[in-house]
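Input: a single structure, listed below in structure tokens.
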Amino acid sequence: MAITLTRTVQRIETYPAMEAPEGETTYPTLMVVYNDSFDDPDDEQLPVTATKVIHFNKGDDVSGEDQLVQTIATAIWAE
């Protein structure tokens with residue numbers, strides 16, 4: 001019995017930088033919704049899908065995320 005995890009991006013939302021007091025800099029943020037599907041071909045109750053939401057800010061490490069997430073993060077946080 002080996003359960004496998006398949007993670008897919010359901011959606012990605014970007015939010016603009018918030019208005020900040022003078023002299024303070026803010027950056028856009030990123031929200032990623034993943035669908036995690038757990039499956040075992042020998043288990044009749046699987047697959048099961050769970051939703052996971054992750055929020056990212058400029059400076060967060062997105063190197064382990066889906067390539068699309070990395071591409072969007074790079075684009076919105078480019079200087």
Side-chain angles (χ1 to χ4, degrees):
M1 178 173 181
I3 295 177
T4 58
L5 166 65
T6 304
R7 174 172 281 175
T8 55
V9 173
Q10 181 193 59
R11 74 176 180 271
I12 300 171
E13 297 180 9
T14 59
Y15 301 100
M18 302 302 291
E19 194 169 319
E22 193 170 322
E24 210 173 300
T25 304
T26 64
Y27 298 94
T29 59
L30 189 63
M31 181 190 75
V32 181
V33 180
Y34 283 110
N35 283 338
D36 290 343
S37 179
F38 300 90
D39 196 8
D40 180 349
D42 299 327
D43 189 325
E44 62 189 47
Q45 294 184 13
L46 295 176
V48 172
T49 301
T51 302
K52 181 175 185 177
V53 178
I54 306 174
H55 295 269
F56 294 103
N57 295 300
K58 183 173 181 170
D60 290 346
D61 182 12
V62 295
S63 62
E65 301 303 320
D66 185 271
Q67 184 60 50
L68 180 59
V69 174
Q70 294 178 41
T71 301
I72 292 171
T74 300
I76 67 171
W77 296 324
E79 304 234 6

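Numbers here simply count residues along the sequence, with the first being 1.
A heavy-atom distance below 4.5 Å is not found between the side chains of V32 and V53. A 4.5 Å side-chain heavy-atom check between E13 and V33 finds every atom pair outside the cut-off.
Taking both residues in full, the closest heavy atoms of V48 and L46 are given as CG2-CD2, 3.4 Å, listed atom of the first, atom of the second, then distance. A pairwise comparison of heavy atoms in W77 and P28 identifies NE1-O, 2.7 Å as the closest pair. Residues Y34 and V69 come closest through the heavy atom pair OH-CG2, 3.8 Å.
Classification of K52 and D36 as a salt-bridged pair fails, no side-chain N sitting under 4.0 Å from a carboxylate O.
One finds the CG atom of L5 at 5.0 Å from the CZ atom of F38 (value rounded to the nearest 0.5 Å). Interatomic distance, T8 OG1 to L68 CG, rounded to the nearest 0.5 Å: 12.0 Å. Taking CG of L30 as the start and CD1 of I76 as the end, the distance is 5.0 Å to the nearest 0.5 Å. Taking CD from E19 and OG1 from T26, the interatomic distance works out to 9.0 Å, rounded to the nearest 0.5 Å. Rounding to the nearest 0.5 Å gives a distance of 12.5 Å between OG1 of T49 and CZ of R7. Taken from CD in Q45 to CG in D39, the straight-line distance is 12.5 Å, to the nearest 0.5 Å.
Listed for the T29 side chain is no donor-acceptor partner under 3.5 Å among the backbone atoms of N57.
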For M31 and F56, what are the C-alpha separation, side-chain angles and deciding distance, and is it a side-chain contact (heavy atoms from CB on, under 4.5 Å)?
-> CA-CA 6 Å; M31 181 190 75; F56 294 103; over 6 Å; no

Could you check N35 against T51 for side-chain contact (heavy atoms from CB on, under 4.5 Å), going step by step and ending with a plain yes or no?
-> CA-CA 5 Å; N35 283 338; T51 302; 3.6 Å; yes

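Surrounding CD of Q67 are more than 12 heavy atoms belonging to other residues, nucleotides or ligands, all under 6.0 Å away.
Side-chain heavy atoms closer than 4.5 Å link hydrophobic residues (I, L, V, M, F, W, Y) into clusters, and following such links, possibly through other members, connects V9 to I72.
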